[in-house]
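One structure is given here, and the rest of the page talks about it.
In what follows, every heavy atom counts, from backbone to side chain, and hydrogens, waters and symmetry copies are set aside. None of these values were measured; they are calculated from a predicted model.
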Amino acid sequence: MIVRSFKDIEGTDRHVKSASGTWESKRIVLAKERVGFSVHETILYAGTETSMWYANHIEAVVCTKGEAELTDDTTGEKYTITPGTMYLLDGHEKHTMRIKEDFHCICVFNPPVTGREDHDENGVYPLLTEPDSEPAA
């Protein structure tokens with residue numbers, strides 16, 4: 001059993017800040033836990049815009065605070081995301097988040113992230129993995 005809080009991981013290597021300066025993420029469950037998914041609390045900052053494309057992952061996002069406009073970059077369809085709203089990127093959709101007020105959300109990724117990921121020039125997280133466990137002696 002693992003018990004930890006988001007407060008416990010502030011300032012650790014699980015507390016990731018994007019190179020773009022548009023978001024930060026506290027990654028409370030990672031690939032190294034070997035449970036098949038990762039869980040993060042992410043904050044995207046008001047007044048920012050972030051284009052993303054999870055080509056290697058499925059992501060579910062639940063907004064807990066704030067407001068954002070989510071745009072499906074392929075169809076142009078726009079959605080207002082507010083507390084209690086979930087979106088699921090089950091088709092690896094390219095999307096853009098325009099943040100109206102600091103946007104707090106809980107994210108679940110499959111496959112799980114390692115905690116070292118940041119978006120590349122295409123908005124993609126690389127598919128990083130953890131080394132296999134040492135074989136039993």
Side-chain angles (χ1 to χ4, degrees):
M1 180 183 300
I2 298 169
V3 177
R4 66 175 62 105
S5 73
F6 289 114
K7 184 127 181 85
D8 292 341
I9 62 177
E10 285 180 11
T12 71
D13 62 348
R14 289 175 177 263
H15 188 179
V16 177
K17 298 185 180 184
S18 69
S20 67
T22 62
W23 58 265
E24 66 180 87
S25 181
K26 295 175 191 163
R27 296 165 176 190
I28 200 162
V29 177
L30 290 170
K32 63 182 161 188
E33 274 82 56
R34 302 203 182 279
V35 294
F37 59 89
S38 59
V39 178
H40 322 167
E41 176 187 53
T42 300
I43 302 170
L44 292 96
Y45 305 126
T48 65
E49 181 175 310
T50 304
S51 293
M52 297 171 268
W53 175 35
Y54 295 117
N56 302 307
H57 300 85
I58 300 295
E59 182 192 29
V61 177
V62 177
C63 175
T64 59
K65 183 178 176 184
E67 183 178 343
E69 178 185 80
L70 166 67
T71 302
D72 180 324
D73 292 342
T74 301
T75 66
E77 195 163 358
K78 296 179 187 303
Y79 306 88
T80 298
I81 310 297
T82 56
T85 305
M86 183 278 308
Y87 64 92
L88 176 65
L89 300 166
D90 59 338
H92 305 282
E93 293 86 356
K94 291 181 180 182
H95 61 287
T96 300
M97 295 292 289
R98 289 175 187 84
I99 310 306
K100 299 186 184 289
E101 62 181 69
D102 281 358
F103 184 82
H104 297 245
C105 56
I106 302 295
C107 310
V108 177
F109 279 84
N110 184 15
V113 302
T114 66
R116 301 183 307 270
E117 294 83 357
D118 197 349
H119 298 106
D120 68 13
E121 65 278 358
N122 296 310
V124 175
Y125 273 176
L127 185 57
L128 303 178
T129 58
E130 291 292 335
D132 288 336
S133 302
E134 291 295 317

Check: Can you get from I58 to V61 by hopping between Ile, Leu, Val, Met, Phe, Trp and Tyr side chains that sit under 4.5 Å apart?
Finding: no
Next item on the list: Check the hydrophobic clustering (I, L, V, M, F, W, Y; side-chain heavy atoms under 4.5 Å; chains of links allowed) and say if Y79 and Y54 are grouped together.
Entry: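 Looking at the clustering, Y54 is in the same group as Y79.
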Margin query: Connecting only ILVMFWY residues whose side-chain heavy atoms lie within less than 4.5 Å of each other, what is the rest of V3's hydrophobic cluster?
Written below: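 Taking Ile, Leu, Val, Met, Phe, Trp and Tyr as members, V3 shares its hydrophobic cluster with M1.
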Checklist line | Other cluster members, V29 - Ile/Leu/Val/Met/Phe/Trp/Tyr, side-chain contacts below 4.5 Å | finding: F6, I9, I28, V35, F37, V39, I106, V108
Can you tell me how far apart [atom1] ([X]) and [atom2] ([Y]) are? Round to the nearest 0.5 Å.
X: L70; Y: M97; atom1: CG; atom2: CE; result: 5.5 Å
X: T82; Y: E101; atom1: OG1; atom2: CD; result: 9.5 Å
X: I99; Y: T22; atom1: CD1; atom2: OG1; result: 8.0 Å
X: S25; Y: H15; atom1: OG; atom2: NE2; result: 8.0 Å

Non-neighbouring partners of [X] that pass side chain to side chain contact (heavy atoms under 4.5 Å, CB included), sequence neighbours left out:
X: D90; value: L88, E93
X: T75; value: D72, E77
X: Y45; value: E24, I43, T48, D102
X: N110; value: P112

Note to self: Could you check whether any side-chain N or O of E33 sits under 3.5 Å from a backbone N or O of L30, counting only pairs where one atom can act as donor and the other as acceptor?
What the structure shows: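 Checked: pair present.
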Next item on the list: Output yes when a side-chain donor or acceptor of T114 lies under 3.5 Å from a complementary backbone atom of A31, and no otherwise.
Entry: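 Pair absent, no side-chain N/O of T114 close to backbone of A31.
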Item checked: V62, I81, L44 screened by side chain to side chain contact (heavy atoms under 4.5 Å, CB included) with C105, the one that passes -> L44
With a 4.5 Å heavy-atom cut-off, do [X] and [Y] have their side chains touching?
X: V113; Y: H40; value: yes
X: R4; Y: R14; value: yes
X: F103; Y: T42; value: no

Note to self: Restricting to non-hydrogen atoms, name the atom on F109 and the atom on H57 that form the minimum distance, rounded to 0.1 Å.
What the structure shows: CD2-CB, 3.7 Å
Margin query: For a quick test of reading the model, state the closest non-hydrogen atom pair linking P83 to K65 and the distance between them.
Written below: CG-CA, 3.8 Å
Notebook entry, point to check: Which pairs count as salt bridge (charged side-chain N to carboxylate O under 4.0 Å, His left out) when at least one residue sits in residues 35-52, sequence neighbours excluded?
Noted result: K26-E41, E49-R98
Item checked: side-chain hydrogen bond (donor to acceptor under 3.5 Å, both in side chains) involving S5 - partner list, sequence neighbours excluded -> D8
